[in-house]
Amino acid sequence: MEARVYKNFIGGEFVESSTGKTFERRNPADTREVVGVFQDSGADDVHAAVAAAKAAYPAWSQVPAPRRGEILLKAAEIIQSRKDRYSQDLTREMGKPLFEAGGDIVEAIGMAQYAGSEGRRMHGVTTPSELPNKFQMSIRQPIGVVGLITPWNFPMAIASWKMLPAIVCGNTVVIKPGEDASISTYNLVECLVEAGLPPGVVNIVTGYGPGAGQPLVEHPDVPVISFTGSTDTGRLVYELGARQIKRVSLEMGGKNPLIVMPDADLDLVMEGVVWAAFGTTGQRCTATSRLIVHKDVAGPLVERIVARAQSLRVGDGLQAETEMGPLVNEKQMKRVLGYIELGQQEGATMRCGGGRLTEGALANGHFIQPTVFTGVRPSMRIAREEIFGPVLSVIEVGSLDEAIAVANDVAYGLSASIYTRDINAAMRAMLALQAGIVYINAPTIGAEIHLPFGGVKATGNGHREAGPTMMDVFSEWKSVYIDYSGSLQRAQIDL
Ligand code: UN1
């Protein structure tokens, strides 16, 4: 089958890039298959998309928010009706197994429902004045054209986290999806357009960071940038945005700890760790990458985890029995294999995995074995740096205090977890863990869209996606004072 050529989507039209260049995306489970051909866009394409978004803004920002929300609610139904097809597309483009791809789509449906309903709330604040005959309130207003740079690992969910709150607030959008998984963004936008989204409200420009991402971040008509990706790239986005005093929202790396106390249910822990360390092939910002376990239960727990990791069925995500898919691309595979090499050099013990899988049908994909290191010290690089692959570092500790100290002793702070049946330990950890998301008796993945998502320290810059906080990035507060006393009342003075 000939792969579809995806053109940029600008002002409601599909247009070729002015660079004249395209790039192919291949299925990471079988690189002989081209899943799509995309525009390798440059600054001129970004400028055209921003111009289209700017032209659409005055009318869109005037559409009453409940009407904007209705389009999202309708889009939710359309996405739902195509869930199977979109899941297949998502698995083909980035590799996660079909059941997980379905979760990615469901997260976008949830966000479309949540953001759509927000069109009828979008609450402001009213407070009493300190003066008589004076009324005051604060309202949200849209900002303008927002620039979105999204990752490949949750290609529909994360695009929806950014795009849907942005448009329900009345902004218009230019999105540059991750070059490894752009199809899901087209699928999401196709549903919005069918649901009635006017031309120019959402524009898609595909390509790479330097060619297409950077001109978007630097464009003077784009006052808001929302980015999810690596901390290195995020820092660059932040610096470029700061020069123009832009609002920049960053979601970046993680090195998420899962603490296990001796009273935990070890079978439950094993299931949680295997799901959160090896699900999505470890390619979640929220993946469990450090198992911080009390030494009294480390032996039996590691045995269970290793046994299960070795039995995980690694393969093409399109096959129903597959539990773990490939890594997204060759570069990422080499990077992860490099960390596995490094772990051994650093003196950790590799208990299972460690290699590439190339037998039979796996020969043409980026498959590696689920890997567990024990004897990891908190100072090792495999305990400190984000690997973004199926590699778990096990660190033994002697107490809850030590566990929390080790958990917090990294640059990142996205998600963290503790397994214990002791309510006092759980409460202490909940408050002391430096993370934007904490789980108790559940692993570090599995956030739902109606609570704030984001992290502390090098993971983020103080913003939160999703939840009631999602609109803060995409709206501006305006405080309004109405004095109906008929005389000048000086605040703080005429009391
Ligand atoms: C990510 O980790 O990159 O919380 C996003 C989760 C998903 C989203 C993950 N709902 O695991």
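Both counts, for ligands and for their atoms, begin at 1 and track the order of listing.
- With a 6.0 Å radius and a threshold of 12 heavy atoms from other residues, nucleotides or ligands, Arg377 has its CZ atom at or below the threshold.
- At least one donor-acceptor pair under 3.5 Å links the side chain of Asn171 to the backbone N or O of Ile143.
- Between the side chain of Arg384 and the backbone N or O of Asp409 there is at least one donor-acceptor pair closer than 3.5 Å.
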For a distance cut-off of 3.5 Å, show me each N or O of ligand 1 paired with any protein N or O, plus the separation.
unit_1, atom_1, unit_2, atom_2, d
ligand 1, 2 (O), Cys285, N, 2.9
ligand 1, 2 (O), Thr286, N, 3.0
ligand 1, 2 (O), Thr286, OG1, 2.9
ligand 1, 3 (O), Asn153, ND2, 2.9
ligand 1, 3 (O), Cys285, N, 3.1
ligand 1, 4 (O), Gly446, N, 3.1
ligand 1, 4 (O), Ala447, N, 2.7
ligand 1, 10 (N), Glu107, OE1, 3.0
ligand 1, 10 (N), Glu107, OE2, 3.1
ligand 1, 10 (N), Ala447, O, 3.1
ligand 1, 11 (O), Arg284, NH1, 2.6
ligand 1, 11 (O), Thr286, OG1, 3.3
ligand 1, 11 (O), Gly446, N, 3.0

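- Not a single side-chain hydrogen bond (donor to acceptor under 3.5 Å, both in side chains) links Trp152 to another residue, sequence neighbours left out.
- The backbone N or O of Asp422 lies less than 3.5 Å from a partner atom in the side chain of Asp263, making a donor-acceptor pair.
- Put simply, the side chain of Asp104 never gets that close to the backbone of Ser87: no donor and acceptor are under 3.5 Å apart.
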